[in-house]
Amino acid sequence: MSDAHATTFATQAAFASGQPHEGSPVTEFRRTPDRVFLRKFFNRRLRFPDGAEHEIWGFEDEKSGRGLPSPLVRVTEGQVMHGILKPSKKVHTIHWHGIEPDPRNDGVGHTSFEVTGEYTYQWIAEPGIPGDPNAGAAGSYFYHCHVNTVLHVQMGMFGNVIIDPVVHPDFPVPAGARRPFVDGPLYDIATETLLVPYSVDPRWHQLSHAAGLSGEDVGLNRFEPKHFYVLGGNLSQPFTGGGVHSLEAVRANAVGHGFPTLLRILNGNYFPTQVRFTDAQDNPVRIAEVLSHDGRIFRDTSSPTGPSRPVRDVGNKLETAVLAFGAAERYDMLVCPAKAGEYRIHVDLIQWVTGQVLFTKVIPLIAI
Amino acid sequence: MTAPEAERPKAPSRRDVLRYAGAAGTVAAGVTVAQAAGWPASRVDRAAAGVGGVLDLHINEGFVPMVDGSLVYLRGFGEKATTINDPFPSLTISPRIFFADGRLVDSRLFPPDAAPPHEGRPEPDSAVAGDPLVYLVKRSYWGSYFPRRTIVAESGSTIRLRVHNGLKQPHSLLFHGVPGGDSGEIASGAVQDLEFPAPPPGTYVYSDPGGISVQRTLGLFGVLVVVPQQDHWRLSELGAEFERQWLWIAHDIDPVWSRRALAGETIDPVSTPALPRYFTLNDRAGFQSVGVTQDEAINLATHEETLVSGSPRRTDVRDFSQAATATTVITGQLIRLVNAGVVIHQMHFHGNHVWTLRRDGVDFSRSVGTISEEGHVLLQQWEDVVELDPLSRKDIILPLKPPPDALDEVFAARTVDWHYPMHCHAEPSQTAAGGLYPGGAVADWVLALPKSAGGTP
């Protein structure tokens with residue numbers, strides 16, 4: 001077997017505790033970046049909206065403060081992205097979940113290396129082409145540490161990634177609007193919102209960096225969340241100042257009142273979640289139009305050679321009052337209430353064996 | 001899963017297996033030698049001759065080593081009668097193939113007469129003119145290795161089984177969603193024949209449905225793969241074409257349930273839900289499942305059965321028969337994802353998104369999508385995380401594209417295989433015995449450098 005499979009291990013414990021480390025490896029074929037993001041490790045006890053305090057590990061940059069989720073990475077297709085990881089005293093990586101670079105820039109120990117000193121990750125999000133189902137990275141992603149991942153992600157070592165599309169002449173973008181992908185619909189920049197369900201098992205937040213790797217039973221197969229949060233917020237306002245960025249309400253444009261509102265969701269849990277849209281009396285309302293999943297667009301691919309237009313443009317909008325999304329999945333959707341008023345987004349956390357709804361958070365949705 | 005070194009006889013080395021296979025001749029093949037030694041076969045295992053057309057399944061029990069060496073009591077559908085104290089209880093079958101002409105063939109490779117890909121990896125046909133870093137792949141050429149527990153059936157075949165219940169309590173065998181595929185209750189010590197026509201091409205779970213999920217979790221499960229008789233390199237008669245196919249069976253093991261079952265308790269999965277402690281893919285986990293043990297036989301079997309591997313190509317999801325000629329095509333590789341476990345798995349692929357074709361035997365539309373009452377989008381689509389509910393099956397294409405966000409110069413300068421992980425993102429499934437990350441349901445896939453380009457032979 002070759003390269004990444006060249007090293008063999010006598011036991012699982014040797015494999016788990018023997019991932020390759022490098023100090024400050026070189027970024028191969030380094031280009032001049034269009035965007036640079038510093039990500040330094042931090043740990044801090046953070047106070048959550050329910051009054052609980054949890055030990056949180058995360059990434060911070062020069063201005064973000066120490067917060068949850070870690071600061072947003074937002075670039076445009078075609079830009080050279082540099083992500084500088086400074087893991088502090090311990091070993092970490094950044095995996096750019098859903099972004100697909102070469103293995104050195106994918107941030108996984110056993111297929112490349114874990115970083116002890118500093119490393120600059122480099123990738124270019126692939127530009128989209130109208131009607132092409134095989135090209136284009138615009139959409140929602142996230143980044144997270146991939147060292148002892150089961151623990152480090154739960155500890156808070158994750159942040160969102162948004163890839164904006166290149167602008168194609170056939171799909172111009174007026175002021176105040178943006179498109180979620182190259183040939184996607186216009187949406188309202190001012191109300192673009194991020195929604196990230198996240199739950200906490202406090203027992204896990206007392207564990208150490210390498211818990212379990214040497215074979216000790218630290219119960220990481222038992223995720224028993226005691227707190228449930230919905231992180232996020234309005235993306236037109238930078239998440240600064242540190243602390244927990246909690247989504248308290250969503251402001252959306254009613255149909256006919258400007259460009260529609262785009263909602264980006266990421267399941268930051270290990271358990272499935274669902275969102276349910278209702279009116280103020282908790283009656284289901286089909287106000288969500290799902291556009292894309294995991295950074296790829298729902299397209300009509302029925303023609304083997306012809307263009308693949310977004311399904312919404314060929315009369316097949318994916319409208320719903322409920323959307324299920326499991327761990328690490330992302331969906332982008334337009335939220336289009338028929339008229340102004342109060343609506344609700346119910347976010348359910350579901351146990352992965354029993355299917356029982358463990359928690360529900362209700363986020364007010366105000367249509368204007 | 002395999003025993004720690006101290007607890008088992010030395011495995012035949014790959015060289016031994018090859019030597020024995022050669023000595024035994026082409027009919028017996030390596031499978032016989034390996035099984036005689038108590039080991040899962042890891043060689044080509046072509047078409048050990050089948051006669052009679054009836055597959056015996058023995059419901060057995062025994063102790064199975066987990067990835068950390070712990071022994072856990074499990075049950076299973078084995079290929080011979082063994083007792084609980086057998087050091088190598090027969091709890092799974094080697095892959096068997098029911099052909100439409102009535103033959104029953106014992107072969108890990110399907111079709112048995114197809115070219116066996118070296119270490120599971122199909123070599124490409126040739127580079128694409130004007131695009132030398134990507135390849136045309138051989139059409140309808142490479143065979144596919146299947147993992148243990150697999151029954152393959154051609155459409156038009158009849159599946160004939162004889163189920164022997166060697167345990168103290170009644171059991172049954174159900175092919176989920178398959179007309180006629182239900183043995184009903186089989187008393188302790190009884191034998192039950194079961195015969196039914198192969199259902200439409202697709203991927204089906206078989207299990208003992210007793211206790212809802214209990215007997216399945218204890219190990220009584222496997223997978224039926226039905227392939228179109230007229231085209232062995234398509235998902236269905238008019239379905240997606242592929243270079244080779246893979247079957248990934250996820251399973252979750254709860255040693256507490258196992259202890260209770262061993263003690264004769266009746267387990268109520270509602271009042272005492274499973275708490276899995278081990279998570280497997282094709283009965284391996286962690287370092288076994290990514291093929292980096294110090295046992296060549298395990299590593300080889302893993303490469304052949306689990307670690308998806310092939311050369312880069314520009315797969316177009318609109319047409320999986322793109323640029324097809326009699327001998328070449330541009331397409332990806334088919335992975336049949338099966339969740340025989342009890343947790344909801346989230347299969348995450350690094351390096352490439354995958355294209356989801358169907359769920360639970362129902363093709364997704366390419367144009368008219370819907371959203372189910374549960375909130376799932378039913379449309380052929382790209383995903384980097386594929387949700388897999390218990391008992392659910394999804395059939396996907398891994399396109400093996402050049403990773404789209406890698407710099408062109410980095411890809412062009414590639415001198416080694418590029419390995420990418422696939423792992424479940426419901427991250428507790430990445431543990432074993434409460435830790436040992438990554439010790440659970442994980443695999444790699446490999447964007448290979450062809451031999452012609454200096455890659456690993």
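None of these values were measured; they are calculated from a predicted model. So you know, we letter chains A, B, ... as the sequences are listed, proteins then strands, and number each from 1.
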Are Val377(B) and Leu323(A) packed together at the side-chain level, in the sense that at least one heavy-atom pair is separated by less than 4.5 angstrom?
yes

Cut-off 4.5 Å, heavy atoms of chain B, and the answer for Asn105(A) is neither

Between Asn316(A) and Val368(B) the two heavy atoms that sit nearest each other are OD1-CG1, 3.8 Å

Select one option (side chain, backbone, both, neither) describing which atoms of Thr370(B) are under 4.5 Å from chain A's heavy atoms.
backbone

If we ignore hydrogens and angles and just use 3.5 Å, is the side chain of Asp316(B) paired with the main-chain N or O of Asn134(A) as donor and acceptor?
no

Stepwise side-chain contact (heavy atoms from CB on, under 4.5 Å) check, Val292(B) with Thr7(A)
CA-CA 7 Å; Val292(B) 293; Thr7(A) 303; over 6 Å; no

His350(B) ring center near His97(A) ring center (under 6.0 Å):
no

Between Glu427(B) and His152(A), does a side-chain contact (heavy atoms from CB on, under 4.5 Å) hold up when you go through it step by step?
CA-CA 10 Å; Glu427(B) 290 282 341; His152(A) 290 204; over 6 Å; no

Start with the C-alpha gap between Arg277(B) and Asp217(A), add the side-chain angles, then the distance that decides, and say whether salt bridge (charged side-chain N to carboxylate O under 4.0 Å, His left out) holds.
CA-CA 10 Å; Arg277(B) 184 172 168 83; Asp217(A) 180 355; 2.8 Å; yes

Min side-chain heavy-atom separation Asp102(A)-Trp418(B) under 4.5 Å:
yes

Rounded to the nearest 0.5 Å, how far apart are OG1 of Thr8(A) and CD of Glu296(B)?
9.5 Å

Taking side chain as everything from C-beta outward and backbone as N, CA, C, O, which of these in Ala426(B) sits under 4.5 Å from a heavy atom of chain A? Side chain, backbone, both or neither.
both

Which bit of Tyr331(A) comes within less than 4.5 Å of chain B, counting heavy atoms only: side chain, backbone, both or neither?
side chain

Beyond-backbone contact of Asp106(A) with Pro421(B), side-chain heavy atoms, under 4.5 angstrom:
yes

Not counting sequence neighbours, which residues clear side chain to side chain contact (heavy atoms under 4.5 Å, CB included) with Ala14(A)? List them please.
Phe9(A), Thr11(A)

Leu407(B) and Ile124(A): CA distance, side-chain angles, deciding distance, side-chain contact (heavy atoms from CB on, under 4.5 Å) verdict:
CA-CA 7 Å; Leu407(B) 275 62; Ile124(A) 301 174; 3.7 Å; yes

Let me know if Glu319(A) has heavy atoms under 4.5 Å from chain B in its side chain, its backbone, both or neither.
backbone

Which answer fits His348(B), side chain, backbone, both or neither, if we ask what part of it has an atom under 4.5 Å from a heavy atom of chain A?
side chain

Cut-off 4.5 Å, heavy atoms of chain B, and the answer for Ala13(A) is both

Tightest non-hydrogen contact, residues Ala413(B) and Phe29(A), listed as CB-CZ, 3.4 Å

Is it the side chain or the backbone of Tyr270(A) that comes within 4.5 Å of chain B heavy atoms, both, or neither?
both

In residues 286-295 of chain A, which residues are in contact with chain B at a heavy-atom separation under 4.5 Å?
Val290(A), His293(A), Asp294(A)

Counting only non-hydrogen atoms closer than 4.5 Å, does Gln12(A) touch chain B with its backbone (N, CA, C, O), its side chain (CB onward), both, or neither?
both

Most heavy-atom pairs under 4.5 angstrom with chain B, which of Gly315(A), Gly355(A), Ser17(A), Gly306(A)?
Gly306(A)

Does atom CG (Asp408(B)) have a neighbourhood of more than 12 heavy atoms from anything else shown, all under 6.0 Å?
no

Using a 4.5 Å cut-off on heavy atoms from C-beta on, say whether the side chain of Val385(B) contacts that of Phe325(A).
no

Gap separating the CG atom of Asp319(B) from the OG1 atom of Thr305(A), nearest 0.5 angstrom:
8.5 Å

Nearest-0.5 Å distance that lies between atom CG in Leu275(B) and atom CZ in Phe223(A)
13.5 Å

Could you tell me which portion of Val218(A) (side chain, backbone, both or neither) has an atom closer than 4.5 angstrom to a non-hydrogen atom of chain B?
both

Mind listing the closest non-hydrogen atom pair of Asn221(A) and Gly434(B) along with its distance?
OD1-CA, 3.5 Å

Donor-acceptor side-chain pairing of Gln346(B) and Glu329(A) below 3.5 angstrom
yes

Whether His423(B) and His146(A) hold their rings parallel, tilted or perpendicular, with breakpoints at 30° and 60°:
perpendicular

Proximal component of Leu379(B), with respect to chain A [non-hydrogen, under 4.5 Å]:
side chain

What one should report as the nearest heavy-atom pair of Pro438(B) and Ala16(A) is CD-CA, 4.4 Å

Kindly indicate, with the supporting measurements, whether the criterion side-chain hydrogen bond (donor to acceptor under 3.5 Å, both in side chains) is fulfilled by His425(B) and Asn267(A).
CA-CA 11 Å; His425(B) 224 292; Asn267(A) 185 346; over 6 Å; no

Would you mind reporting whether Val290(B) and His110(A) have side-chain heavy atoms less than 4.5 Å apart?
yes

Tell me, which pairs form a salt bridge (charged side-chain N to carboxylate O under 4.0 Å, His left out) where one or both residues lie in residues 295-306 of chain A, sequence neighbours left out?
Glu100(A)-Arg296(A), Asp183(A)-Arg299(A)

Against chain B, label Val108(A) side chain, backbone, both or neither, depending on which of its atoms sit under 4.5 Å from a heavy atom there.
side chain

Using side-chain contact (heavy atoms from CB on, under 4.5 Å), reason through Trp355(B) and Thr301(A) one step at a time and then give a plain yes or no.
CA-CA 12 Å; Trp355(B) 185 258; Thr301(A) 58; 3.7 Å; yes

Side-chain contact, heavy-atom cut-off 4.5 Å: Trp352(A) with Pro428(B)?
yes

Are the side chain of Asn148(A) and the backbone N or O of Tyr437(B) linked by a donor-acceptor pair below 3.5 Å?
no

Is there a side-chain contact between His419(B) and Pro103(A), using heavy atoms and a 4.5 Å cut-off?
no

Does any backbone or side-chain atom of Pro133(A) lie under 4.5 Å from a heavy atom of chain B? Answer side chain, backbone, both or neither.
both

Would you mind checking which part of Ser213(B) comes under 4.5 Å of any heavy atom in chain A, side chain (CB onward), backbone (N, CA, C, O), both or neither?
neither

Between Thr431(B) and chain A, with a heavy-atom cut-off of 4.5 Å, which part of the residue counts as in contact: side chain, backbone, both or neither?
side chain

Residue Ser303(A) versus chain B: region with a heavy atom under 4.5 Å:
backbone

Filter on salt bridge (charged side-chain N to carboxylate O under 4.0 Å, His left out), then keep only pairs touching residues 371-392 of chain B, sequence neighbours left out; what's left?
Arg330(A)-Asp384(B)

When rounded to the nearest 0.5 angstrom, what distance separates CD1 in Ile99(A) from CG in Asp405(B)?
5.0 Å

